[in-house]
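Residue numbers begin at 1 in each chain, while the letters A, B, ... track the order of the sequences.
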Protein chains: 2
Amino acid sequence: MTKPFLLIATALGASLSTFAAPALADEGMWTFDNFPAEQMRKDYGWAPDQKWLDRTRAAAVRLTGGCSASFVSNQGLILTNQHCVASCLANISTETSDYLLNGFRPATRAEEKPCPGQQAEVVTTIGDVTGDIKNAIGSATGEALIKARDARIAAIEAAGCPDKAKTRCQVVTLYGGGKYSLYTYRKYSDVRLAWAPEGRAQGFGGDPDNFNFPRYALDGSFLRAYENGKPVTPAAFLKWNPRTPVLGEATFVVGNPGSTSRLWTSSQIAFEREMRLPVTVATLSELRGRLIRAMDESPQKRSEGQDDLDGIENSLKVYLGRQKALNDPAFTGRLAATEAQLKDVAAKNAAIGDPWTAVDGAMAANRKLYLASRFIRPTSDLYNYARTLVRAAAERTKPDAERLPGYTTSSLPLTEKTILDPTPHHAWVEELYLEWSLSKAREWLGADDADTKLLLGKESPEGLAARLISGTKLGDPAVRKALWEGGQTAIDASTDPMIVYARALDARDRELTRLANAEVNGPLTAASAGLADARFAAFGASAYPDATFSLRISYGKVAGWTERGKAINPVTTIGGTFERATGAAPFDLAPAFAANEAKVDKAVAYNFVTTNDIIGGNSGSPVLDKAGTVIGAAFDGNIHSLGGNYGYDPELNRTVVVSAAALTEAMRSIYPSPALLAELGVKKR
Amino acid sequence: MTKPFLLIATALGASLSTFAAPALADEGMWTFDNFPAEQMRKDYGWAPDQKWLDRTRAAAVRLTGGCSASFVSNQGLILTNQHCVASCLANISTETSDYLLNGFRPATRAEEKPCPGQQAEVVTTIGDVTGDIKNAIGSATGEALIKARDARIAAIEAAGCPDKAKTRCQVVTLYGGGKYSLYTYRKYSDVRLAWAPEGRAQGFGGDPDNFNFPRYALDGSFLRAYENGKPVTPAAFLKWNPRTPVLGEATFVVGNPGSTSRLWTSSQIAFEREMRLPVTVATLSELRGRLIRAMDESPQKRSEGQDDLDGIENSLKVYLGRQKALNDPAFTGRLAATEAQLKDVAAKNAAIGDPWTAVDGAMAANRKLYLASRFIRPTSDLYNYARTLVRAAAERTKPDAERLPGYTTSSLPLTEKTILDPTPHHAWVEELYLEWSLSKAREWLGADDADTKLLLGKESPEGLAARLISGTKLGDPAVRKALWEGGQTAIDASTDPMIVYARALDARDRELTRLANAEVNGPLTAASAGLADARFAAFGASAYPDATFSLRISYGKVAGWTERGKAINPVTTIGGTFERATGAAPFDLAPAFAANEAKVDKAVAYNFVTTNDIIGGNSGSPVLDKAGTVIGAAFDGNIHSLGGNYGYDPELNRTVVVSAAALTEAMRSIYPSPALLAELGVKKR
């Protein structure tokens, strides 16, 4: 399965309109060391205490595939979304067993199957290392700044987690470099699939219903963490609570929002609107078209391509929603008003200086580098293996301080796992992506561009993609293992066409990274200190950092909204599925739903919406009530939430949740799973 | 062949930056009754006299397929582009003869083949009917305004051209309704293909080279007009002049630019940038991807889909170029400055009023109607037949004044020709388009939208498209003829699924047209009088009207431009093709080029660029010198010209031309065509 973009971590959208100004109403993706208890108490008359927060944090899980999750039993059981295990379902499928279509419900624990590439991580400590890293940076600028910062980060991470088998350290950059925190994780690298419903049960309504509500999606699944071949006993787990959500009750979403851009300046927003989004929408739409048609060629291709298509369509909807937000003058006007407010504060405080002009310069440089940087790395899992193997061979011979991020002592274990795990690949999918990305490179860079010539030589995108995919052996984990372990000698000696190709692109790829650090990332990091100062001066602690795929907590409540004058009920019932079904895909019932209609309690709450502030990466996050029990798993945002990358609107932005009650009813009446129900503490009816 | 958008008429782009302000340098697409001779004389020391203009106008040809052309012999020979006859080449191809690939060069005139749907038209008179139509409109507004206007137009056209077999009358709306002109045409509805090179000779460099320069494209072809089975003798023809163009010499482009938007107000531009272009780029990119992949399925599909793919990729490049221009704050800033200038003039002239606010209101209404109007008419030639047949049956029973445009006495012959001509269709292409357009309708309107439900009922886009295309007999011209001649009775009795479907959509389709007239077109037409007055007050006669696919003349000169500090030579030679060839498509030589390399005079001028102001629809326009002789045919604009829909930049905007010299050399050395050369008056070497 090829993932051209960070699909899962864009799988959830968030919100519109208070706009990076002081967090209002339920806005904010808060770090656990800065929960705004006072503000919540003001709005809700109640806020969690430190014990509540600590216990919840200890049960919260990050999945390295790009999702969130939580421990829900003392036997390592992990709740997440079905769409977060879709790649795993595709990976473990065989010619005779289509688990993406049929789901996966092993009769016994012994039959639970490992998910390639998946790792579960639980935060154990959070420490502030801002001073340490700022000292290391000193007065360095541009490329030197990035090098000094990355070297210090590598050293802190290596020192913090000597036990590389069980722990992982990660320095999280907050406020674009205004603050740095060291997160230590207990990690579990053997994660197995324990339960997933049919694909159509999760995907009922398909792309048309995605990011919409009312909604009828059974987007839940369970994993289990293992160690030494046995289920782990986590430090904490959340209590399963399959009850009906109550209108107005307080809810918490605990997870890892992937990325937001709420602190961007106007020149960063302009780059997004004028350059990145138009290129992304045009190229991704074409990829979607190619894949849709290819999947028509055979039932096997339909099955093998489904997970990729879901990811592409999800991403595209996110980008189209962002484009719509940034093409709305009212929306961008509010962003501009907040920026003007910050500039006023900065004008009265000489220490802040003028970071905006520095950002403008960085974005001007970025406009020149962007297309080359985007297209120098062709899209294909097999190419990614080759690129990583080529880079790793060189980087591993260097001291930590000089390595590229991703290849330092602290990062290498996950990189190695990604290379060595036995993920299957379909040659036709790989070739489709590679041909597409090479032809888009030529289109956007131009036929006479030097990078196009480097990418293609005298070959066509179609011919080159066919030659590389048919010739490479990198789909075989044993071949990758030999190249990983063989180091530079093995890489130099390889005649695998994909390795040869990655070697040919490597110098230019590195040069573009170097230029980006020197001209874009370095200046942006330097400027961000000033921007963060302006923000703290203007808004104090109520300024939360942009999302960074690190653990956050959001508070809100169960609430509908008003759509074109009509009130949207915040809760659907399982019975609504049967009413919405038309018989034609994607509005056809999952077979087990149809077969068990008479048994199902149609009154059970199915999906519901809350005001929690989330975004892609939050998929799978537990939704908790005041008691700290799990009443559902977040899996989507509503359509209004798609501009939430840039700003949150408390009136319209909603998180979409699958209820614990519906998952429980499904495990009772549709996919009978008595052992799991018992493990979750659900009593028999 | 399905043409979802006005492909050919967007086949040529135009230009940047003087922006609808007074025409400067070589800007302007002038009507023949308002050629700016004085201004040209000032800039060039010479200008054509009335005799020159009259003779040229009498030889200029409009092709109803969306292109321009010219008579170049007294035996009805017509010069145009190869890409303007690509649909014809595809239509006349058989399973054993791929004319799009191999070209078409009949050995004798008897073998020249009719092009389905194609009609050649030559302007005979131009008269001002502004007063007449404005009187008919009187003080009507909204829907009533449009009805009154269209009724008067239908009456003027019917009265002007009683001989419907040989003439056509058309009232051309200029300045959005600020002025109306009656154009009468001598028409030739039997147009046959006389000469076309191989597809790769025209398409060398393919989509990557399209809208670029230097360029190496043999984009020329010849048609011949027939009447009563014999070649016609036109009233005038242009002398063929296969010579090298001279740097700086004056050039004229005479043709039918399809559409420009240089007179738009800021709210029209905003609608384009914020709504129409994003939807268009996303949906058209997906269509491109679907078709690219489908064409991989077999050599036959590759051949059958090529003409459509070329059209889609050409249109997409145009739209991406426009999006880029409107995402450039410097570009839109210049548009805004011109508008501010006009508003200043209007403020000093009470008679003009405030047309801008009226336009703002119309565009606000348009935003609400746009998606429904766009998607209520599914994309498929076979559906278009059904829609036209259903509408024609109803409209033809009404008096002219109450008919929809396209169904009035003056318009009906061309509509009928389109229905009855035996154009072939490929079921897989039709189904691909229909499935795509129905699924995009659901995506953009939403699954729960009333129009989506009208379009799909309980079917899926895939299922509905398959059912309609497999069930309809409208691909058969005899079936269409029976339904056309059978009128309302035949339509009502039909059980053809496509007719049934078109009947079901008809009421809503008409309602959306009515709403658009009432809320958008009516107010825009009323406002345009004020806008035109402001423009005349500010700029006098140097304000030319937006393009309307009616005859225009542009003057300019042979000139390169400066690209990133590098001077671009304005002329390429045939020899350059052989240097640029890589062997990999689309940079592989046409087989006849490769086979005849030794014979070709490589020094002959191939393509060249001029400063003429053109846009899509100008494809095939003769490029004339001061003597009025043909030195080439315009076929493209350079990449900078893509923003030219909104404004012209004399520094960067260039027309791309295939030289008469290169076409002559090809007819000598690559595709020996001695009879045609003799007809063109070319002497033997």
Picking from B/Gly457, B/Gly289, B/Pro586, B/Ala282, which has the most non-hydrogen pairs under 4.5 angstrom with chain A? B/Gly289
Tell me which of these, A/Gly205, A/Gly463, A/Gly583, A/Pro329, has more heavy-atom pairs under 4.5 Å with chain B than the rest. A/Pro329
At a heavy-atom distance under 4.5 Å, which candidate from A/Leu320, A/Val281, A/Leu456 has the highest pair count against chain B? A/Leu320
If I measure from the heavy atoms of chain A, does B/Ala585 come under 4.5 Å with its side chain, its backbone, both, or neither? backbone
With a 4.5 angstrom heavy-atom cut-off, which part of B/Pro461 approaches chain A: side chain, backbone, both or neither? neither
Pull every donor-acceptor pair under 3.5 angstrom between chain A and chain B and give the atom names with distances.
unit_1   : atom_1 : unit_2   : atom_2 : d
A/Ala282 : O      : B/Ser285 : OG     : 3.4
A/Ser285 : OG     : B/Ala282 : O      : 3.4
A/Glu286 : OE1    : B/Arg288 : NH1    : 3.2
A/Arg288 : NH1    : B/Glu286 : OE1    : 3.1
A/Arg288 : NH1    : B/Glu443 : OE1    : 2.9
A/Arg288 : NH1    : B/Glu443 : OE2    : 3.3
A/Arg288 : NH2    : B/Glu443 : OE1    : 3.0
A/Arg293 : NE     : B/Glu297 : OE2    : 2.9
A/Arg293 : NH2    : B/Glu297 : OE1    : 3.1
A/Glu297 : OE1    : B/Arg293 : NH2    : 3.1
A/Glu297 : OE2    : B/Arg293 : NE     : 2.9
A/Glu443 : OE1    : B/Arg288 : NH1    : 2.9
A/Glu443 : OE1    : B/Arg288 : NH2    : 3.0
A/Glu443 : OE2    : B/Arg288 : NH1    : 3.3
A/Asp448 : OD1    : B/Arg580 : NH1    : 2.9
A/Asp448 : OD1    : B/Arg580 : NH2    : 3.1
A/Asp448 : OD2    : B/Arg580 : NH2    : 3.2
A/Arg580 : NH1    : B/Asp448 : OD1    : 2.9
A/Arg580 : NH2    : B/Asp448 : OD1    : 3.2
A/Arg580 : NH2    : B/Asp448 : OD2    : 3.3

